[in-house]
S.K.: 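What follows is a structure written as structure tokens; I'll ask about it next.
Below, all heavy atoms of this structure are taken into account, side chains as well, without hydrogens, waters or symmetry copies.
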Amino acid sequence: MIYNKIINNQWVNNNTGEKFNTDIVRVEGRKDFSFLSDPESFCTSKYGLPYYVNFYNRIGETFNIHNTYATSELLCTRHENNLINKTVLILGGGPSAGMVDWSQYEYILTSNHYYVHNDKDPYMISFAPYVDLDDKKLESFLESRKCLVGLEPEFLKQFELDRVKRFYHKYKERIVTHHTRYSSTLGLGARQAVFAVLMGASEVHLCGLDLFKSQSSTSHAFEDVKDIPRWRRNNGVEFQDKQVIGFWEYLTGIADKQGCKLVNLAEDLECNCMSFITRNYK
């Protein structure tokens with residue numbers, strides 16, 4: 001591995017000698033952060049509870065603090081938590097999701113366009129703002145399943161708010177609004193892994209969190225073609241590596257505190273861009 005940990009949250013690229021930190025918090029203009037704030041100030045920070053509450057205000061729903069689970073790492077709707085002491089699969093849409101047999105898992109956290117090609121009822125399916133929540137196929141999927149529905153408070157544009165207002169009103173009894181202090185470019189699947197650990201899972205397995213080997217890595221298990229995100233196009237693979245290191249370092253840290261085992265099911269597959277760290281940093 002070309003990256004080595006020096007001390008605490010500082011790492012070095014052995015090829016270039018560049019040192020970098022993995023505990024960067026969000027500030028205006030920075031793209032390389034992994035966290036919204038320090039843990040001590042998460043709930044009271046700009047992107048903590050005020051940001052979470054504002055989501056309810058934007059969609060015209062009443063926020064109830066007594067219905068909210070709040071820690072220094074997570075804000076979410078109080079719900080019947082069935083993940084305690086369970087083996088949980090975080091299923092992203094990367095190509096490895098079509099290469100690994102995950103049919104035996106009972107507790108699956110997945111996202112976005114999973115419903116297009118898969119019939120298995122997950123434990124929870126979460127949606128990013130770009131998903132068409134008015135899609136009739138999505139409606140049919142949810143109407144015939146019992147899964148929880150996850151939303152993050154990231155719906156900001158007017159057309160996103162118009163859709164999520166209708167969606168939330170219809171499914172509010174099964175919606176879990178979740179918001180982690182961890183928040184990097186790696187996407188919803190990475191945050192779901194954090195969520196599962198913090199919810200008390202005994203094991204968290206990853207599949208389909210493959211990211212992007214190159215500019216031509218458009219293969220996707222849930223969608224016909226997945227566009228390369230702007231952050232990956234503009235910043236390159238080394239930026240992605242740093243984000244992956246920060247994610248895995250944090251995830252292993254909270255998993256160790258929770259007594260949770262982590263497994264990257266796609267570790268031996270060429271398409272998986274997390275293998276370099278999940279294999280070497282336990």
Side-chain angles (χ1 to χ4, degrees), residues 8-9 21-84 88 90 109 111 123-124 126-129 148-157 160-161 164-165 168 171-201 204 243 246-260 262:
N8 296 330
N9 301 108
N21 285 4
T22 56
D23 58 348
I24 298 171
V25 300
R26 181 173 181 174
V27 294
E28 198 68 34
R30 289 201 77 151
K31 301 295 184 184
D32 59 345
F33 62 88
S34 291
F35 301 95
L36 297 174
S37 72
D38 296 322
E40 296 79 15
S41 59
F42 175 52
C43 281
T44 57
S45 69
K46 175 182 178 180
Y47 296 108
L49 190 58
Y51 189 82
Y52 187 85
V53 173
N54 194 35
F55 166 70
Y56 288 91
N57 294 336
R58 291 196 303 272
I59 64 174
E61 294 288 338
T62 301
F63 172 75
N64 184 354
I65 188 64
H66 301 294
N67 195 37
T68 303
Y69 175 73
T71 74
S72 61
E73 303 294 340
L74 172 69
L75 293 163
C76 75
T77 307
R78 289 192 180 277
H79 60 284
E80 184 178 355
N81 176 20
N82 293 318
L83 299 183
I84 297 174
V88 178
I90 310 301
L109 271 61
S111 58
Y123 174 78
M124 182 167 74
S126 295
F127 299 105
L148 294 173
V149 177
L151 295 175
E152 294 181 304
E154 300 298 316
F155 296 80
L156 301 173
K157 299 175 182 177
E160 297 170 351
L161 291 172
V164 79
K165 283 178 184 177
Y168 189 97
Y171 297 108
K172 65 169 59 180
E173 297 305 316
R174 55 199 283 204
I175 286 178
V176 176
T177 307
H178 52 93
H179 185 50
T180 56
R181 183 177 75 89
Y182 171 80
S183 180
S184 76
T185 61
L186 300 186
L188 185 47
R191 295 188 292 274
Q192 285 184 321
V194 171
F195 176 84
V197 171
L198 296 175
M199 285 288 99
V204 171
Q243 295 279 279
F247 164 66
W248 192 247
E249 179 186 50
Y250 172 68
L251 193 68
T252 55
I254 60 172
D256 184 58
K257 290 179 182 178
Q258 297 281 124
C260 176
L262 302 175

S.K.: Drop me the distance from Leu148's CG to His79's NE2, to the nearest 0.5 angstrom.
M.R.: 6.0 Å
S.K.: For residues 63-70, please give each side-chain donor-acceptor pair under 3.5 Å, one per line with the distance, not counting sequence neighbours.
M.R.:
unit_1, atom_1, unit_2, atom_2, d
Asn64, OD1, His66, N, 2.9
Thr68, OG1, Asn64, O, 3.1

S.K.: Can you list the residues that meet the side chain to side chain donor-acceptor pair (under 3.5 Å) rule with Thr180, with sequence neighbours excluded?
M.R.: none
S.K.: Once you round to the nearest 0.5 Å, how far does OG of Ser34 lie from CD of Gln243?
M.R.: 5.0 Å
S.K.: For residues 192-200, tabulate all N or O donor-acceptor pairs below 3.5 Å that involve a side-chain atom, not counting sequence neighbours.
M.R.:
unit_1, atom_1, unit_2, atom_2, d
Gln192, NE2, Thr110, O, 2.8
Gln192, NE2, Ser126, OG, 3.3

S.K.: Between Cys43 and Leu75, is there a side-chain heavy-atom distance shorter than 4.5 Å?
M.R.: yes
S.K.: Any non-hydrogen side-chain atom of Phe42 less than 4.5 Å from a side-chain atom of Leu74?
M.R.: no
S.K.: Starting at OH of Tyr168, measure out to OG1 of Thr177 and round the result to the nearest 0.5 Å.
M.R.: 4.5 Å
S.K.: Going from CZ on Arg191 to CG on Leu109, what distance comes out if it is rounded to the nearest 0.5 angstrom?
M.R.: 13.0 Å
S.K.: What pairs with Thr22 under side chain to side chain contact (heavy atoms under 4.5 Å, CB included), at least two apart in sequence or on another chain?
M.R.: Asn9, Trp11, Phe20, Ile245, Glu249
S.K.: Looking only at atom types and distance, does a side-chain atom of Glu160 sit under 3.5 Å from a main-chain N or O of Lys157, one as donor and one as acceptor?
M.R.: yes
S.K.: Does Thr185 form a side-chain contact (heavy atoms from CB on, under 4.5 Å) with Lys31? I'd like the steps, not just the answer.
M.R.: CA-CA 8 Å; Thr185 61; Lys31 301 295 184 184; 5.7 Å; no
S.K.: Please list all pairs meeting salt bridge (charged side-chain N to carboxylate O under 4.0 Å, His left out) that have one or both residues in residues 51-67, counting only residues at least two apart or in different chains.
M.R.: Glu61-Lys172
S.K.: Not counting sequence neighbours, list each pair that qualifies as a salt bridge (charged side-chain N to carboxylate O under 4.0 Å, His left out) and has a residue in residues 36-49.
M.R.: none
S.K.: For the atom pair CZ (Phe127) and CD (Glu152), what is the distance rounded to the nearest 0.5 Å?
M.R.: 12.5 Å
S.K.: Roughly how far, to the nearest 0.5 Å, is CG of Leu151 from OG1 of Thr77?
M.R.: 8.5 Å
S.K.: Give me the atom names and distance for the closest heavy-atom approach of Phe33 to Ser183.
M.R.: CE1-O, 3.1 Å
S.K.: How close do Gly189 and Ile90 get, heavy atom to heavy atom, and via which atoms?
M.R.: O-CG2, 3.3 Å
S.K.: Would you please name every residue forming a side chain to side chain donor-acceptor pair (under 3.5 Å) with Asn21, sequence neighbours left out?
M.R.: none
S.K.: For Lys257, check side chain to side chain contact (heavy atoms under 4.5 Å, CB included) against everything at least two apart and list the hits.
M.R.: none
S.K.: Taking only residues two or more places apart in sequence or in another chain, which ones pass salt bridge (Lys or Arg N to Asp or Glu O under 4.0 Å) with Asp23?
M.R.: none
S.K.: For Tyr51, enumerate each residue passing the ring-ring contact (aromatic ring centres under 6.0 Å, His included) test, keeping only those at least two apart in sequence or located in another chain.
M.R.: Tyr47, His179
S.K.: Who are the side chain to side chain contact (heavy atoms under 4.5 Å, CB included) partners of Phe35, not counting sequence neighbours?
M.R.: Val25, Arg181, Tyr182, Tyr250
S.K.: Checking Asn8 now: which residues fulfil side chain to side chain contact (heavy atoms under 4.5 Å, CB included) with it, not counting sequence neighbours?
M.R.: none
